[in-house]
Amino acid sequence: MTHSHPEFQSASLDAWAKAAAKSAPGGDVNALNWLTPDGISVKPLYTAEDIQNLPYANTLPGFEPYLRGPQATMYAVRPWTIRQYAGFSTAEESNAFYRKALAAGGQGVSVAFDLATHRGYDSDHPRVTGDVGKAGVAIDSVEDMKILFDQIPLDKVSVSMTMNGAVLPVLAGYVVAAEEQGVSQDKLSGTIQNDILKEFMVRNTYIYPPEPSMRIIGDIIEYTAQHMPKFNSISISGYHMQEAGANQALELAFTLADGKEYVKTAMAKGMDVDGFAGRLSFFWAIGMNFYLEVAKMRAARLLWCRIMKGFNAKSPKSLMLRTHCQTSGWSLTEQDPYNNVVRTTIEAMAAVFGGTQSLHTNSFDEAIALPTEFSSRIARNTQLIIQEETHITNVIDPWAGSYMMEKLTQDMADAAWAIIEEVEAMGGMTKAVDSGWAKLKIEAAAAEKQARIDSGKDVIVGVNKYKLKTEDAIDARDIDNVAVRDSQIARLNAIKQKRDAAQVQQALLAIEAAAASGNGNLLDLSIKAVRARATVGEISDAMEKSFGRHRADTQKVSGVYAAAFDTDSTAAETMDYWNALKAEIVEFAEAQGRRPRVMISKLGQDGHDRGAKVVATAFADLGFDVDMGPLFQTPEECARQAIENDVHAVGVSTLAAGHKTLVPAIIAELKKQGADDIIVFVGGVVPRQDYDFLYQSGVKGIYGPGTPIPVSARDVLKQIKAALK
């Protein structure tokens, strides 16, 4: 029997608009719309009319186009895999951490390698003195890899490795370590990132130029398809794009466009698309735009299915997008850091509602230093609580049928598809990356976002609103870089003394010949070299002889940061500060005969340059003359460029924990070359416990995450004036 309830009369949309207008700004309901950074207008109210013409609103999980999830039962049968992305110091230290994490509920291992390893240098190389073991684990040979996975059964535990530049020797080391553990290649499960195009756009841990790098990817896809059927040969990553400043539509579009390029590369080697596409996976960042992140992941599956049909893929595994997610590191704040527990929880919920297959939750202290065991446990338990206590896993895609979410999913898909078509018109993602266009799009978005925060338009609780008067000290993990490097060098020397030098030389010459000729599979040859105990650096060098080492340009955007201040919505107090600072810079130029000149530098092997590029853009918009140092400078090279360019100040951007080694080195080098009147300031991730050390070393200013750029700029100007007196 059906009961009618005439007392509940459905109001019309017009009636709602009239009612809402009474409280809307200026009586305009449209003023309630939210224009996202992606250019999507999100309304405050959605109705059935918004989804009546959507073609995919009534699809089911496990079926094309997989919008609602790649598996029919999703978490109702098997929840996502809980991963703990970690790596620091030595292989012994990281191994102990992994084993504790697995015992405490972790379900897979995700390895973070140090920057020396990423860039294909052994720990004894002179360019990596400040990087060994700092932002990841140092791996020089298969002996390190065997220790890293000691007592971790590689036939049962899936392993994810974030590696792109030195992907061949690292993946080869994992394969050989497993062999010597008694696990054959066909039993290995997990993922190697192997996504080089995004490295050229944002993360910069590349070694070789784009063309030979794409050949390496093709060789890895080919080898793993033949020998490692359970292993994902590539994780196509948007994560680092969003961390570098991309909005959700840019992250989605560029990542899928990268995926298209990799499919083309594998097919150009003569491979059948259904022979490898089922082992491709994706990796998304999950930030604080909750609705957009859920919609992005649903739209990603829809668009990937469309893309793969364009390659005539037939297998369902080729058509379905599977993904790992990681909560944002950039959204974490140094100020009031316990707020980060809440931020990570919200981001984890978005990843789960979006249908991720595995997830890493960042620790609350990662805006300060490498996570401690205490903070890592909280991050891991965040996922366990969602899985075990909330019953969220009992319902598949609970946002399905939401008027707002279905419309937003389609809007996100449309916005990303328009960008993908723009990329295709350029000739594909390799050309878009090579031209610098893609990188500049992301950098412009990053500068705009930072300006919205600094001007107060975007609220960050504890940073630009609801700030604490005093901050509690947080214990931070500290790595003794010198001790780690010494132990790595000792192990390297021992390996080189014991191995068959002639066998190693023969294996390296085979790699060098294959790189030069284009014949042979480079992963197969790298595995043979690793079995002979060739090192990461030696294998990388063998290919560099033919491929060369890539050098990036240092373009920067202009005007984007200032534009966010030159609007009616900027608070009067903020505009007054901005204009007064610009006037101060003009006065300085008139008094000195030139504008204040700063050089923004990245020392060591840290390629994360979002902060450096944003600071350079903002300082230039304020009226400073700004030079950008090339990536991967040594302190000696940085000092030489600063002196040649006659700068007043050097700003060192640091995110990789090398500040206690590299910053004193640049100060000493400036003094050695007779230029100690050039002041040095530091920005980025620096634990407060290290501030006194840096000030005693001669640093004039330290500006951690959350410092408004105009505030740091005024302080730098003040320090320059003091140095000139």
Side-chain angles (χ1 to χ4, degrees), residues 38 40 42 46-81 232 236 238 248-249 251-253 255-256 259 277-278 280-286 289-310 313-325 346-359 383 386-387 390-417 420:
D38 319 74
I40 297 170
V42 179
Y46 288 81
T47 68
E49 292 179 12
D50 289 295
I51 66 169
Q52 63 183 5
N53 295 319
L54 296 185
Y56 306 111
N58 294 310
T59 60
L60 291 170
F63 293 88
E64 293 181 27
Y66 304 102
L67 182 149
R68 298 191 61 189
Q71 306 299 333
T73 53
M74 291 299 289
Y75 308 145
V77 169
R78 183 186 176 195
W80 65 94
T81 300
N232 298 325
I236 306 155
Q248 280 76 12
E251 178 195 5
L252 177 55
T255 306
L256 295 182
L280 304 180
S281 68
F282 287 79
F283 174 27
W284 305 114
I286 305 295
N289 273 331
F290 184 86
Y291 297 137
L292 294 185
E293 295 294 4
V294 178
K296 176 188 77 183
M297 294 176 68
R298 299 173 92 243
R301 291 190 289 268
L302 171 69
L303 294 181
W304 186 244
C305 185
R306 182 189 300 176
I307 287 168
M308 294 309 293
K309 279 186 168 292
K314 302 291 192 301
S315 168
K317 289 187 176 180
S318 300
L319 300 174
M320 63 175 68
L321 181 150
R322 295 159 301 106
T323 192
H324 171 69
C325 290
I346 291 167
E347 292 167 351
M349 295 276 281
V352 170
F353 283 137
T356 191
Q357 277 61 70
S358 66
L359 177 62
Q383 294 194 55
I386 296 172
Q387 276 192 5
T390 65
H391 294 282
I392 283 172
T393 58
N394 294 110
V395 177
I396 304 162
D397 189 22
W399 283 92
S402 158
Y403 302 144
M404 178 277 298
M405 187 54 69
E406 297 294 4
K407 180 63 166 62
L408 190 56
T409 297
Q410 189 63 50
D411 288 345
M412 182 64 70
D414 292 343
W417 194 253
I420 290 170

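Remember, predicted model here, so these are calculated numbers, not experimental data.
- Residues Arg301 and Pro65 form no side-chain contact, since every pair of their non-hydrogen atoms from C-beta on lies 4.5 Å or further apart.
- Atom CG of Asn58 has 12 or fewer neighbouring heavy atoms from other residues, nucleotides or ligands inside a 6.0 Å radius.
- A heavy-atom distance below 4.5 Å is not found between the side chains of Gln71 and Arg78.
- Between the side chain of Thr356 and the backbone N or O of Thr323, at least one donor-acceptor pair lies under 3.5 Å.
- Taking the side chain as every heavy atom from C-beta outward, Ile51 and Tyr46 never approach each other to under 4.5 Å.
- Phe63 CZ: 12 or fewer foreign heavy atoms inside a 6.0 Å radius.
- With Thr59 contributing its side chain and Tyr56 its backbone, the two residues share a donor-acceptor pair below 3.5 Å.
- Between Asp50 and Lys407, no side-chain nitrogen of the basic residue sits less than 4.0 Å from a carboxylate oxygen of the acidic one, so the salt-bridge criterion is not met.
- No hydrogens or angles considered: a donor-acceptor pair under 3.5 Å links the side chains of Gln383 and Trp80.
- Taking the side chain as every heavy atom from C-beta outward, Pro61 and Tyr66 never approach each other to under 4.5 Å.
- Under the 30°/60° scheme for interplanar angles, the aromatic rings of Trp399 and Tyr291 are found to stand perpendicular.
- Stacking of Arg322 on the aromatic ring of Trp304 is not recorded, the 6.0 Å distance cut-off and the 45° axial limit not both being met.
- At distances below 3.5 Å, not a single donor-acceptor pair connects side-chain atoms of Gln248 with backbone N or O atoms of Glu293.
- Residues Ile307 and Leu256 form a side-chain contact, since some pair of their non-hydrogen atoms from C-beta on lies under 4.5 Å apart.
- Residues Arg298 and Glu406 meet the side-chain proximity criterion, which asks for heavy atoms closer than 4.5 Å.
- With hydrogens and angles ignored, the 3.5 Å screen pairs a side-chain donor or acceptor of Asp38 with a backbone N or O of Ala249.
- Between Leu408 and Leu292 there is a side-chain heavy-atom pair separated by less than 4.5 Å.
- Checked by atom type and distance alone, the side chain of Ser318 never pairs as donor or acceptor with a backbone atom of Lys314 at under 3.5 Å.
- In Tyr403, the OH atom is not crowded: 12 or fewer heavy atoms of neighbouring residues, nucleotides or ligands sit closer than 6.0 Å.
- Within the 3.5 Å criterion, the main-chain N or O of Thr393 finds no donor-acceptor partner in the side chain of Gln387.
- For the pair Gln357 and Thr81, the minimum side-chain heavy-atom distance is 4.5 Å or more.
- In this structure, the side chain of Lys296 does not engage the main chain of Trp284 through any donor-acceptor pair within 3.5 Å.
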* Asked: After noting the C-alpha distance and the side-chain angles of Met74 and Asp397, does the key distance pass the side-chain contact (heavy atoms from CB on, under 4.5 Å) rule?
  -> CA-CA 8 Å; Met74 291 299 289; Asp397 189 22; over 6 Å; no
